[in-house]
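This report concerns only the one structure given below.
Proteins come first, then strands; the chains are lettered A, B, ... in the order of their sequence lines, and each starts at number 1.
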Amino acid sequence: MTRRRAEGAGRLTRLALLTAIALTIFLIEAQLPALTTIPGIKLGLANIVTVYAVFTLGPRDALMILCARVFLGAVFSGQMTTLWYSAAGGLLSWCALCLLRKALDKRQLWLSSPVAGVCHNLGQLLAAAAMLGTWAVLAYLPYLVLAGLLAGLFTGVAAQTLIGRMEKLGR
Amino acid sequence: MSRNGKIILLVLLAAAGLSVAAVAARRGETDHPVARITWDGEVVEEIELDRVGRGYSFTLESQEGSNTISVEKGRIRVAQADCPDQVCVDQGWIADGTVPIVCLPHKLVIEIVGGGSAFDAAAG
Amino acid sequence: MARRMGARGGTLALCLALALSLLGGCARQEEKSQRQLFAMDTVMTLTLYGEGDTRGAEEILDGSVQQIQWLEDFWSAVRPEGDVARVNAAGGAETEVAAPTASLLRQSLELCAVTGGALDITAYPAVKAWGFIDQEYRVPSQAELAELAGRIDYRQVSVDEGTRDGETVYTVTLPAGMELDLGAVAKGRTADLLAESLAADGVSSALLDLGQSTIRAVGEKPDGSPWRIAVQDPAGTGYLGVLELADLAVGTSGGYQRYFEQDGVTYWHILDPDTAAPARSGLAAVTVVSPSALTCDALSTALFVLGLEEGVQLWRDHPELEFQALFITDEGELYLTQGLEDAFSLTEGYEDREVTVLS
């Protein structure tokens with residue numbers, strides 16, 4: 001189910017707002033203790049914005065928000081290694097979401113978010129394997145799959161609830 | 001829930017289940033103690049200590065000397081040896097990976113792998 | 001509607017809790033690499049977690065093994081081409097040695113001095129006389145022991161430095177009849193040098209077990225917890241306690257480590273430099289903990305010779321040595337210096353053992 005993209009200033013504001021939200025979540029998440037001994041691997045909580053955007057604004061806009069957030073996030077957090085991990089994770093989950101668009105709709109954010117979460121972590125692991133030059137990092141796979149599922153479920157349900165409330169208010 | 005939704009949910013649950021199993025398997029690695037006996041760095045014998053029924057003994061002979069090894073369920077020791085210092089005999093039973101039994105003059109090492117370790121090392 | 005909200009809230013809470021606990025308990029399963037080798041008259045187990053900055057774990061371990069073998073070539077008294085053997089065979093003449101040997105000797109002699117000679121690295125003739133080198137055990141006569149004791153005196157060792165062709169050259173001189181035995185210090189120094197190399201390679205978690213009498217922990221375990229080092233019960237085969245520590249070395253000396261029995265009397269390899277006979281100070285074992293493995297190695301021997309009272313006095317008088325100690329008497333009583341109080345705990349079965357904390 002796609003909506004007609006709002007045009008002009010309204011759309012720009014929307015994109016900027018969502019980017020800001022994603023960036024904020026990302027920067028707060030950066031303060032959490034490291035998930036694994038590989039520096040730079042994150043939970044990916046900010047992905048919820050990508051999930052929301054893919055289902056409400058469409059893949060293109062979602063991708064723009066993602067790229068902006070990944071870039072600004074790396075700049076603001078000061079860790080450029082994060083750039084690659086976020087990019088890999090974000091892109092892989094964006095791809096998964098584009099496919100899911102056909103199967104699910106925005107009433108099931110709570111379901112698509114965990115998928116995005118797992119793909120996000122998978123992307124990060126693959127990036128780590130490439131950066132560190134070893135497949136040994138895949139030992140973390142089970143932990144990261146679980147973490148991705150739970151983090152995705154958490155943000156998904158949170159977002160779903162929030163949207164439900166907002167829609168009732170007539171936004 | 002739509003049919004697609006159910007499929008996705010199933011896939012997610014399967015992924016979760018597999019991951020939990022993988023993590024559990026990783027943690028459970030400590031329950032299968034195997035006594036590895038090496039002579040001069042080469043493995044000569046591996047004994048699955050949790051599969052041992054009745055205790056038994058056997059003797060390893062090399063050009064350096066002989067060591068008689070006793071095996072019981074979950075533990076192993078050098079019962080007798082013809083080395084001058086008898087350090088290996090004095091050590092008694094080992095039941096985990098904390099320390100190996102070593103007979104230096106005979107270049108014999110008996111260590112338990114896969115059985116976890118009560119400690120990381122032993123001072124003494 | 002309300003029910004759905006409740007279920008949603010519940011799911012949210014559950015997920016958050018699970019996610020957080022996963023975060024916290026996410027075992028940092030760094031890969032363990034291990035190497036075992038026979039060296040310096042014992043079995044050594046080198047354990048390393050993770051990789052180095054530029055080199056892989058296996059490569060680093062190869063380097064460590066080579067380092068050990070290289071040092072053993074210098075310091076073993078039974079290697080005829082090694083520094084120690086050549087000094088011992090020089091009959092009073094000046095002998096050139098490698099820099100690591102000179103460094104080890106200097107540091108060891110300082111420790112001999114600090115311990116008032118309780119540690120003495122010139123006891124080799126006596127150690128040989130008792131048969132601890134060739135396993136032909138015997139009890140020397142009183143006269144022989146007196147003569148041997150006369151030849152134990154670390155103060156007669158001189159380590160000198162000179163230059164030749166712009167390079168520093170080290171020489172060692174010992175009076176004829178005296179011989180060096182670095183058994184009480186070599187493994188400690190080796191552990192320290194290995195730890196330095198590992199740190200330079202960027203290894204942050206490793207455990208170097210150089211034959212149980214010398215253990216050096218580099219950093220903490222990969223999951224951030226301290227290493228658990230069991231303490232042997234001198235009277236049996238079990239462990240009477242555990243030391244939990246990180247980035248520290250542990251050295252242990254005990255009569256039970258190497259001994260022989262004759263006519264119902266036990267004679268062990270830790271000799272009192274004053275008498276050239278096994279040190280009988282009432283202690284069964286001493287364990288020393290310090291950032292330097294050399295200090296641990298040397299002081300555990302010295303404290304065993306000194307006994308409880310003088311040993312504790314040494315600890316009080318020399319805080320600059322930065323060590324803590326655990327004394328185990330012949331009766332099985334435990335005495336801990338205050339700094340170890342938090343790190344030490346008794347193991348199962350030994351809970352009723354008396355532990356006195358010294359300050």
Side-chain angles (χ1 to χ4, degrees), chain B residues 9 12 16 19-20 22-30 36-43 64-65 75-78 82-114 116-124, chain C residues 22 25-27 29 34 36-38 41-43 45 47 131-132 134-137 207-209 211-217 221 225-234 236-244 250-254 256-260 285 287-289 296 300 326 328 347-348:
Chain B
L9 185 60
L12 286 179
S19 303
V20 171
V23 173
R26 199 69 72 69
R27 299 277 163 99
E29 241 164 27
T30 56
R36 183 178 294 159
I37 306 178
T38 39
W39 179 65
D40 202 11
E42 275 187 44
V43 181
E64 274 87 7
R75 59 186 199 163
I76 188 169
R77 72 164 174 159
V78 173
D82 57 6
C83 51
D85 282 343
Q86 300 284 296
V87 171
C88 50
V89 179
D90 284 346
Q91 229 176 317
W93 298 98
I94 53 167
D96 76 352
T98 304
V99 290
I101 300 178
V102 181
C103 183
L104 262 177
H106 296 176
K107 302 210 187 91
L108 186 75
V109 178
I110 305 176
E111 56 185 335
I112 297 182
V113 295
S117 301
F119 309 104
D120 300 307
Chain C
L22 203 77
C26 208
Q29 302 261 352
Q34 207 170 54
Q36 208 176 63
L37 68 147
F38 288 107
D41 218 12
T42 188
V43 144
T45 310
T47 309
F132 286 111
D134 56 8
Q135 273 97 48
E136 307 278 328
Y137 299 116
L207 191 65
L208 307 170
D209 182 345
Q212 287 186 257
S213 61
T214 306
I215 298 175
R216 174 73 157 91
K221 282 164 72 165
S225 64
W227 303 91
R228 291 166 51 82
I229 315 283
V231 178
Q232 178 96 42
D233 179 357
T237 57
Y239 304 124
L240 49 72
V242 194
L243 285 167
E244 290 184 295
V250 184
T252 308
S253 288
Y256 65 92
Q257 288 168 332
R258 197 169 273 193
Y259 65 92
F260 69 93
T287 297
V288 175
V289 177
C296 291
S300 65
L326 164 66
I328 307 175
T347 49
E348 227 178 276

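For a residue to count as touching a neighbouring chain, one of its non-hydrogen atoms must lie under 4.5 Å from one of that chain's; by this rule C/F260 does not touch chain B. C/D41 touches chain B through backbone and side chain together, each having a heavy atom under 4.5 Å away. Using a 4.5 Å cut-off between heavy atoms, C/T347 contacts chain B through its side chain alone, with no backbone atom that close. Of the two parts of B/Q86, neither the backbone nor the side chain holds a non-hydrogen atom closer than 4.5 Å to a non-hydrogen atom of chain C.
A distance-only check finds no donor-acceptor pair linking the side chain of C/Y137 to the backbone of B/P84 [under 3.5 Å]. A donor-acceptor pair is defined here as one N or O able to donate and one able to accept, closer than 3.5 Å; no such pair exists between the side chain of B/D120 and the backbone of C/I229.
Comparing C/V250, C/T45, C/T42, C/D209 by heavy-atom pairs within less than 4.5 Å of chain B, the highest count is held by C/T42. Ranked by non-hydrogen atom pairs under 4.5 Å with chain C, the options B/A121, B/P105, B/G92 are led by B/A121. Here B/D90 is the residue among B/D40, B/D90, B/T38, B/V87 with the most heavy-atom pairs under 4.5 Å with chain C. Options C/D233, C/T47, C/T214, C/V242 differ in how many heavy-atom pairs under 4.5 Å they form with chain B, and the most are formed by C/V242. Chain B forms the most heavy-atom pairs under 4.5 Å with one residue out of C/Q257, C/Q232, C/K221, C/Q212, and that residue is C/Q212.
Minimum interatomic distance between B/A122 and C/I215 (heavy atoms only, all atoms of both residues): O-CD1, 3.5 Å. Residues C/A230 and B/F119 approach most closely at CB-CD1, 3.4 Å, considering heavy atoms. Residues B/P100 and C/Q36 share a closest heavy-atom pair of CG-NE2, 4.1 Å.
Between C/Q135 atom CD and B/D85 atom CG the span is 4.5 Å, to the nearest 0.5 Å. Taken to the nearest 0.5 Å, the CZ atom of B/R77 stands 10.0 Å off from the OG1 atom of C/T237.
Atom OH of C/Y259 has 12 or fewer neighbouring heavy atoms from other residues, nucleotides or ligands inside a 6.0 Å radius.
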